[in-house]
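Working notes for the structure below.
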Amino acid sequence: MVEITTNSAHIEKNFKFTKINTGIRLLLICISVLFSISITKAQYVVKSPNILNPDLNIEYVKKNMAFWARNSYDPLYGGFFSSVGQTGNLLNTDQKSLIVQTRHGYGFTRAFMLTGDEIYLDYAKSALDFLFKYGWDSTNGGWYCFANRDGSIDNDRAWNPNTKKWGFQQQYALLGIVANYEATRNSEVKKWMDKGVNSLYTNMWDTRSGFEGYYEDASLTWGSKTGKGFACTVDAISTNTETCFLVTREEKFQTRLTQLADIIINRFIPEMSNPLCKVTYPSIFSSDWIPDYSTKNSTSSVGHFLKTAWCLGRVYLCNTSKTEYRDAAIKILDQTWSYQKGAYSLWDHRNGGPFFSVNILTGEGTKDYNNKDYWMLEQGFTGPMLNYHITKNPIYLQMADESLGFFMTHQVDSVYGEIFSQVDSTGTLIKNGVKGDDFKASYHSTEMGYFAYLYSNLFYLKQPVNLYYKFEPTDSIQHIRLSPLSVEDEYLKIKYVTLDGIQYTQFDSDSRVITVEPNQSGKFKVTFELNDASANAIQSLQKEKIKVYPNPTKGDLTITGLMNCKAITIIDVNSKVLFEQTINNQESIQLDLQNQKPGVLFLSITDGFGHKIVKKIIKL
């Protein structure tokens, strides 16, 4: 029989609090968290199938895209309806948020890059064409927010940002545009990318010395500009600035990326030490960068806090000499993991993932504190996982694993498709089942799958990844540099390329430049790897030595080739650890799985260099 072990990170689950008073309960929580932290520093066993088998993230994205294509796409006017219920039913047949159009442009573009299915590019084009045709203010420049089905501007809203230039949309409108240009190098898309960027740089950036930064709001004609803060600083990195830099390598984007990260370092991070701020940092500032500590604006999103760490890590990897970015990300993640005030924390150490929001003035949870939100769980994976790559801190790996595991287990709707907006802290109660609204679309759900695929392969398993591109043909030769994510430039290499399924050799591995001949078109499949040559060679050799048989198995399982390995773990598809054992100079091991349910199991092997080798087992 396979030994069943309980992972210490979830030891709190074993405590029975029903008859214990509040004081003892809080003491036990603190002991549990501290014990979890001490164990985690020693080692952590990943349990999420989506990390152990990253291709699951591609299948997850495909199911999401099927939901949107089936329920939200408008074949008559183009684009996507934005108000979609839990079952895929349209809640309003005349609303098309322009914010949603760019988010679907992003989602369907990333789906193409993961799968190579060109139908996704058609859907992305429909969303972006709708945005280009109806979303731009042709008189004053800049982006509108809401439209009707036929593209006419929708001003029949209680809250109507169409009457001004909302900084949030000026940033986010570029999200799908920039992603689509990365995948296609389409000249029309590039024209709109330049148009949106130029508007941001000209109309929304405060050039006053000592007060630099993007404004949060402007009047319709750009005459009056107010406010600064999180959305137009951190979101500016994630929605457009970083990708613009990675795709173009233009100096202006590198400069702006550094400016935005410096604002986080000089404006946001110091507020974490302000006596008025009990936790995280204030997200709203005046135009002169005075933090807003009013009761009205005292709510802080834990997702925003985590997203800040993710963006700081991304900018650091674009310029690793800026160690202050790395250190600030560490400070944020460490507070997220360890903060505790009474019954309130930022991280759910019982069920995994970040809580919803807290009050910066009291350090306590808000009324929605116990909810788990779809996009915040994404930040609970991306920020920690990227910074695990940077720091190798196993606590960050645990955070990423817990958040992704919770997301895939509880946030994904296995009945109707896509993801719920919010569930309770345990994941058993749907708090908001709406699939689409003025903001929620395929963006965050696809982004989770996209980066779970990239990060799990490259940063944890040390395996190559495949991405697809379909470049627009031109009259002249093109030299296209590919940088699909922020990572140390000297480490990421192109391993292999095909064009329409045939090997393509016109590329430079180290610079990641593909040469495309005049008028050449087609679908490129590009394999990227992190170039730690010695580690990759050792891992590949070790993987070849390890044999698992019989597989599929009815119960008996033999694993050989383990002489240079340290530990093995078997995990089921529900992230439950079924077996874990340290290996001491053993060449082989025999297991009995007969009492396990039929299905897929994952065998995770840690070799002598700390590399992970994952093999799939089929239990009959």
Side-chain angles (χ1 to χ4, degrees), residues 46-72 80 84-89 100 103-104 106-108 110-111 114-115 117 120 303 306 348 350-356 370-385 399-437 439-457 571-576 599-600 602 616:
V46 168
K47 293 173 284 299
S48 170
N50 289 68
I51 294 178
L52 297 172
N53 183 11
D55 285 351
L56 291 175
N57 298 295
I58 298 177
E59 296 305 311
Y60 152 78
V61 168
K62 288 164 65 176
K63 290 177 181 178
N64 286 353
M65 294 302 101
F67 175 91
W68 293 110
R70 181 174 65 250
N71 298 305
S72 181
F80 289 80
V84 184
Q86 181 174 331
T87 66
N89 56 308
V100 159
R103 292 182 170 211
H104 279 309
Y106 177 93
F108 279 97
R110 294 303 190 213
L114 286 175
T115 67
D117 189 340
Y120 295 140
L306 285 162
D348 184 350
R350 180 182 298 182
N351 304 296
F355 286 113
F356 187 78
N370 278 308
N371 290 353
K372 297 286 179 63
D373 192 276
Y374 70 103
W375 72 264
M376 296 190 194
L377 285 163
E378 183 214 338
Q379 307 308 316
F381 168 79
T382 51
M385 195 66 167
M399 294 171 75
D401 184 41
E402 289 183 357
S403 201
L404 182 61
F406 186 98
F407 181 96
M408 291 298 175
T409 303
H410 301 296
Q411 210 79 29
V412 175
D413 185 345
S414 60
V415 177
Y416 298 108
E418 243 288 322
I419 57 174
F420 304 120
S421 292
Q422 289 182 1
V423 297
D424 73 342
S425 61
T426 67
T428 57
L429 179 64
I430 301 170
K431 304 298 290 287
N432 183 352
V434 167
K435 301 293 174 57
D437 55 30
F439 300 90
K440 187 178 184 298
S442 62
Y443 163 40
H444 283 293
S445 57
T446 305
E447 188 174 57
M448 174 68 109
Y450 183 74
F451 282 106
Y453 171 75
L454 293 180
Y455 287 179
S456 299
N457 272 311
I571 299 165
D572 67 13
V573 293
N574 296 314
S575 303
K576 183 178 181 180
V600 176
F602 297 100
K616 185 163 64 175

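Quick note: numbers below take in every heavy atom, side chains included, and nothing from hydrogens, waters or symmetry partners.
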Spacing of Thr382 atom OG1 and Leu306 atom CG [to the nearest 0.5 Å]
8.0 Å

Is any side-chain heavy atom of Ile571 closer than 4.5 Å to a side-chain heavy atom of Lys47?
yes

Asn57 (side chain) donor-acceptor with Asn50 (main chain) under 3.5 angstrom
yes

Straight-line distance of Leu56 CG to Leu404 CG, nearest 0.5 Å
10.0 Å

Does Tyr455 use its side chain to pair, donor to acceptor, with the backbone of Ile51 at less than 3.5 Å?
no

Between Tyr106 and Tyr450, does the ring centre distance come in under 6.0 Å?
no

Using side chain to side chain contact (heavy atoms under 4.5 Å, CB included), reason through Phe451 and Arg110 one step at a time and then give a plain yes or no.
CA-CA 10 Å; Phe451 282 106; Arg110 294 303 190 213; 5.7 Å; no

Look at the side chain of Asn71 and the backbone N and O of Phe67, then say whether any donor-acceptor pair between them is shorter than 3.5 Å.
yes

Within 45° of the ring axis of Phe355 and under 6.0 Å from its six-membered ring centre, is that where the NZ or CZ of Lys372 lies?
yes

Quick one: do Thr115 and Met65 satisfy side chain to side chain contact (heavy atoms under 4.5 Å, CB included)? Show the steps, please.
CA-CA 11 Å; Thr115 67; Met65 294 302 101; over 6 Å; no

What's the separation between atom NZ in Lys440 and atom OG in Ser421, rounded to the nearest 0.5 Å?
4.5 Å

Are any side-chain N or O atoms of Asp424 and backbone N or O atoms of Leu429, one a donor and one an acceptor, separated by less than 3.5 Å?
yes

In short, Phe108 meets Ala69 closest at the heavy-atom pair CZ-N, 4.2 Å

Measure the spacing between CE of Met376 and CG of Asn371 and express it to the nearest 0.5 Å.
9.0 Å

If you look at every heavy atom in Ser456 and Pro54, which pair is closest and at what distance?
CB-CG, 3.8 Å

Check whether Ser403 reaches the backbone of Met399 with its side chain - one donor and one acceptor, N or O, closer than 3.5 Å.
no

Step through the shown structure and confirm whether more than 12 heavy atoms of other residues, nucleotides or ligands are within 6.0 Å of OH on Tyr416.
no

Non-hydrogen atoms of Tyr60 and Val412 that approach each other most closely
CE1-CG2, 3.8 Å

Compare every heavy atom of Thr446 with every heavy atom of Val61, then report the nearest pair and how far apart it is.
CG1-CG2, 4.0 Å

Point-to-point distance, once rounded to the nearest 0.5 Å, from CZ of Phe356 to CG of Leu377
11.0 Å

Do Lys435 side-chain atoms and Gln86 backbone N/O form a donor-acceptor pair below 3.5 Å?
yes

Flag, side chain of Arg103 to backbone of Phe439, donor-acceptor distance under 3.5 Å:
yes

Contact check, side chains of Phe420 and Asn432, non-hydrogen atoms, under 4.5 Å:
no

Between Tyr374 and Ser445, is there a side-chain heavy-atom distance shorter than 4.5 Å?
no

Atom pair CD/CD of Glu378 and Gln411 - distance to nearest 0.5 Å:
11.5 Å

Would you name the heavy atoms of Ser442 and His104 that are closest together and state the gap between them?
OG-ND1, 2.9 Å

Can you name the nearest heavy-atom pair linking Glu402 to Gly352, along with the distance?
OE1-CA, 3.6 Å

Exam field: side chain Gln422 to backbone Asp373, donor-acceptor pair closer than 3.5 Å
no

